[in-house]
Amino acid sequence: MLNRYARGTFTRVFSPLARLLLRLGVHQDVVSAVGTLGVVVGALWFYPRGELWWGTLFITAFVFSDLVDGTMARISGRSSPWGAYLDSTLDRVGDAAIFGGLVLWFLGDGDRPLDGALALGCLAGGFLVSYAKARAESFGWVCEGGIAERADRLVAVLVATGFTGLFLPDWVLTTVLALLLAASLVTVVQRMAMVRRQAVAG
């Protein structure tokens with residue numbers, strides 16, 4: 001949902017920064033790599049230490065690179081299959097770091113095994129959502145949408161994690177993780193149904 005309703009707004013917000021980086025000679029692939037590195041460092045340094053609020057702030061500062069690099073590619077006319085491939089692959093790396101960092105905290109000093117299991121399930125569910133799309137598109141089918149696309153999952157987990165580290169009770173994050181896991185599985189089913197209709201019709 002956020003991909004459809006918020007991407008245009010954020011693109012306008014980050015267009016000046018994208019143009020500045022292009023004038024400075026920065027390539028969008030470098031922005032993608034630096035953004036992912038920041039997310040990984042933030043997630044795997046702060047989250048396993050239980051510093052959920054500061055970790056989320058650090059991650060958020062880098063996660064918007066996903067919008068900046070795409071805007072740079074469109075403005076410069078350098079959009080390419082390689083860029084899309086790199087961006088998608090690095091997205092998976094960032095997602096793995098975020099949920100992996102939470103798993104390390106919950107199953108370590110956080111001592112919250114249920115949350116650890118839910119975070120691990122969210123990680124697997126997110127990868128299934130992405131795989132369902134990638135595999136379908138390899139056969140030439142369209143596989144978009146669903147109730148929990150990557151942007152939706154990312155915003156939900158970062159908001160819940162950050163504010164749990166600040167003042168929200170632990171059960172709020174537990175509930176969000178459970179809902180995210182369920183929504184991810186529903187999205188996989190939705191995408192499979194979409195592909196099934198195309199396969200039968202074609």
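Taking CG of Leu177 as the reference point, atom CZ of Arg112 lies at 8.5 Å (rounded to 0.5 Å). We find the CD1-CD distance between Ile147 and Gln190 to be 5.5 Å, quoted to the nearest 0.5 Å. Taking CG of Leu86 as the start and OG of Ser32 as the end, the distance is 5.5 Å to the nearest 0.5 Å. Rounding to the nearest 0.5 Å places CD of Gln198 at 7.5 Å from SG of Cys143. Glu149 contributes atom CD, which lies 7.5 Å from atom NZ of Lys133 (distance to the nearest 0.5 angstrom). Atom-to-atom distance recorded for Tyr47:OH and Phe99:CZ is 9.5 Å, nearest 0.5 angstrom.
A distance of 6.0 Å or more separates the ring centres of Phe127 and Tyr131.
Glu144 approaches Glu137 most closely through the heavy-atom pair OE2-OE2, 3.8 Å. What you find for Met72 and Ala18 is that their closest heavy atoms are CG-CB, 3.5 Å. Across Val31 and Ser65, no two heavy atoms sit closer than the pair O-CB, 3.8 Å. Looking at every heavy atom in both residues, Ser184 comes nearest to Arg153 through OG-CD, 3.3 Å. Closest approach of Leu118 and Thr174 over heavy atoms only: CD1-O, 3.6 Å. Taking each heavy atom of Leu120 and Val103 in turn, the nearest pair found is N-CG2, 3.6 Å.
With no hydrogens or angles considered, no side-chain donor-acceptor pair links Thr187 and Arg191 at under 3.5 Å. No donor-acceptor contact under 3.5 angstrom links the side chains of Ser80 and Tyr85, judged on distance only. No hydrogens or angles considered: a donor-acceptor pair under 3.5 Å links the side chains of Ser130 and Arg92.
In this structure the side chain of Leu52 never reaches within 4.5 angstrom of the side chain of Phe46, judged on heavy atoms. Looking only at side-chain heavy atoms (C-beta outward), Ile59 and Leu158 come within less than 4.5 Å of each other. For the pair Val40 and Trp45, the minimum side-chain heavy-atom distance is 4.5 Å or more. Counting heavy atoms from C-beta outward, Trp171 and Asp115 have side chains that stay 4.5 Å or more apart. In this structure, Phe64 and Asp69 have side chains that are not in contact, with every pair of non-hydrogen atoms separated by 4.5 Å or more. At least one side-chain heavy atom of Thr175 sits under 4.5 Å from a side-chain heavy atom of Leu179.
Val176 and Phe163 fall within a single hydrophobic cluster, where Ile, Leu, Val, Met, Phe, Trp and Tyr side chains are chained together by heavy-atom contacts under 4.5 Å. Linking ILVMFWY residues whenever their side-chain heavy atoms come closer than 4.5 Å, directly or via other members, leaves Leu104 and Leu102 in distinct clusters. Leu22 and Trp82 are assigned to two separate hydrophobic clusters, defined by single-linkage of ILVMFWY side chains at heavy-atom distances under 4.5 Å. Clustering ILVMFWY residues whenever any of their side-chain heavy atoms sit less than 4.5 angstrom apart, transitively, puts Leu166 in the very cluster that holds Trp105. Linking Ile, Leu, Val, Met, Phe, Trp and Tyr whenever their side-chain heavy atoms come within less than 4.5 Å puts Leu20 and Phe62 in one cluster.
Counting heavy-atom neighbours within 6.0 Å of Trp141 CH2, excluding the residue itself, gives a total above 12. In Arg196, the CZ atom is not crowded: 12 or fewer heavy atoms of neighbouring residues, nucleotides or ligands sit closer than 6.0 Å.
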Does the side-chain contact (heavy atoms from CB on, under 4.5 Å) test come out yes or no for Val63 and Leu154, once each step is laid out? CA-CA 9 Å; Val63 81; Leu154 195 59; 3.4 Å; yes
side-chain contact (heavy atoms from CB on, under 4.5 Å) assessment of Leu185 paired with Val189: CA-CA 6 Å; Leu185 296 178; Val189 173; 5.8 Å; no
